[in-house]
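Here's the structure, in structure tokens; my notes come after.
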Amino acid sequence: MGHDPDSGSAQPDLYRDTWVRYLGYANEVGESFRALIPKSLVWASYGVATAYVTADAADKGQKASKANVDDPNKTTHVTVAVIDTFIWQALASVAIPGFTINRICAASLYLMGRVTKWPLPLRKWATTAVGLSAIPVIIKPIDRSVDYMLDSSLRKLYRTNSKNTD
């Protein structure tokens, strides 16, 4: 679930290998329920996902700090770990999937209104079901795309800088 440039740990990662990872998907669940719940709850789901992203970035910074105690470039390693994790998680767990689920739900609600005679409450529940069922389908392609995007851009800078400082 994303690249961790300074990780070498064989232990399960609390933020990526346990149930805690699902907190990163809170906003997708919120977006799925947008037609049925107050907008404040949708925004609260983004708060949960953002807290998850921030906690993971802080955790990776602490791990990089412990792994590079005597390294003169410790600050660089910590900074790269925090920035890389935060950007990856913000894109792969919050921004892109949140937008994707939002658009899938908006399109499904619109299309159901055009092609069915279902009452609005039923269309809203069906839209929520469509959004929830789309979450597992979009996760891997988004994760891979964000990895590719960062590998093709920002991570080239990390590699260049680490080669120049080693």
Side-chain angles (χ1 to χ4, degrees), residues 1-34 36-37 40-105 128-163 165-166:
M1 282 187 225
H3 174 70
D4 185 3
D6 286 311
S7 176
S9 176
Q11 294 180 329
D13 185 311
L14 173 67
Y15 294 95
R16 301 190 188 182
D17 301 326
T18 70
W19 67 268
V20 175
R21 175 69 176 114
Y22 295 108
L23 295 175
Y25 303 131
N27 62 305
E28 287 95 312
V29 174
E31 285 295 346
S32 294
F33 279 93
R34 182 180 283 272
L36 296 170
I37 63 175
S40 61
L41 291 178
V42 176
W43 288 113
S45 73
Y46 277 87
V48 171
T50 301
Y52 162 81
V53 167
T54 303
D56 189 25
D59 177 65
K60 298 311 174 281
Q62 287 180 329
K63 287 179 179 176
S65 179
K66 289 177 185 173
N68 295 285
V69 171
D70 297 324
D71 189 326
N73 296 314
K74 175 182 175 179
T75 302
T76 301
H77 292 294
V78 170
T79 302
V80 166
V82 170
I83 290 173
D84 186 80
T85 301
F86 190 86
I87 291 172
W88 190 91
Q89 287 284 14
L91 291 170
S93 295
V94 181
I96 296 171
F99 175 79
T100 303
I101 296 297
N102 177 284
R103 296 295 79 206
I104 288 170
C105 288
T128 298
V130 168
L132 291 172
S133 64
I135 294 170
V137 175
I138 68 169
I139 290 169
K140 291 284 186 203
I142 289 173
D143 286 359
R144 279 188 244 123
S145 297
V146 172
D147 270 331
Y148 178 79
M149 181 177 64
L150 290 180
D151 287 346
S152 301
S153 60
L154 209 51
R155 289 180 180 152
K156 287 184 177 186
L157 296 174
Y158 304 162
R159 289 185 198 110
T160 301
N161 287 339
S162 66
K163 286 178 186 169
T165 58
D166 287 345

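The chain is numbered in sequence order, starting from 1.
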Run the numbers on Phe99 and Arg103 for side chain to side chain contact (heavy atoms under 4.5 Å, CB included), then give the verdict.
CA-CA 6 Å; Phe99 175 79; Arg103 296 295 79 206; 3.6 Å; yes
Is the closest side-chain heavy-atom distance between [X] and [Y] below 4.5 Å?
X	Y	answer
Trp88	Asp143	yes
Glu31	Val42	yes
Asp13	Lys63	yes

Looking only at non-hydrogen atoms, find the nearest pair between [X] and [Y] and report the distance.
X	Y	value
Ser45	Gly30	OG-CA, 3.5 Å
Ala26	Ala49	CB-N, 4.3 Å
Thr128	Ser32	OG1-O, 3.0 Å
Val137	Ser133	CG2-O, 3.8 Å
Val53	Ala90	CG1-N, 3.9 Å

Under the salt bridge (Lys or Arg N to Asp or Glu O under 4.0 Å) rule, collect the residues that match up with Glu28, sequence neighbours excluded.
none
What residues form a side-chain hydrogen bond (donor to acceptor under 3.5 Å, both in side chains) with [X], not counting sequence neighbours?
X	value
Thr50	none
Asn27	none
Lys66	none

Side chain to side chain contact (heavy atoms under 4.5 Å, CB included) assessment of Phe86 paired with Thr54
CA-CA 7 Å; Phe86 190 86; Thr54 303; 3.7 Å; yes
With sequence neighbours excluded, residues passing side-chain contact (heavy atoms from CB on, under 4.5 Å) with [X]:
X	value
Leu41	Ile37, Pro38
Thr75	Thr79
Leu14	Thr18, Val20
Tyr22	Trp19, Tyr25

Do side-chain atoms of [X] reach the backbone of [Y] as a donor and acceptor pair under 3.5 angstrom?
X	Y	answer
Asn73	Thr76	no
Asn68	Ala64	yes
Thr85	Val82	no
Tyr52	Tyr15	yes

Quick one: ring pair (Phe, Tyr, Trp, His ring centres under 6.0 Å) partners of Tyr46, sequence neighbours excluded?
Trp43
Please report the interatomic distance [atom1]([X]) to [atom2]([Y]), rounded to the nearest 0.5 Å.
X	Y	atom1	atom2	result
Cys105	Leu132	SG	CG	7.5 Å
Arg34	Asn102	CZ	CG	5.5 Å
Leu157	Leu150	CG	CG	11.0 Å
Gln89	Arg16	CD	CZ	5.0 Å
Arg144	Ile139	CZ	CD1	11.5 Å
Thr100	Ile138	OG1	CD1	5.0 Å

For Leu91 and Met149, run side chain to side chain contact (heavy atoms under 4.5 Å, CB included): C-alpha distance rounded to whole Å, both residues' side-chain angles, the deciding distance at 0.1 Å, then the answer.
CA-CA 10 Å; Leu91 291 170; Met149 181 177 64; 3.2 Å; yes
Pairing of Arg155 and Asp147 as salt bridge, 4.0 angstrom limit
yes
Are Arg21 and Ser93 close enough, and set up right, to give a side chain to side chain contact (heavy atoms under 4.5 Å, CB included), and what steps lead you there?
CA-CA 9 Å; Arg21 175 69 176 114; Ser93 295; 2.9 Å; yes
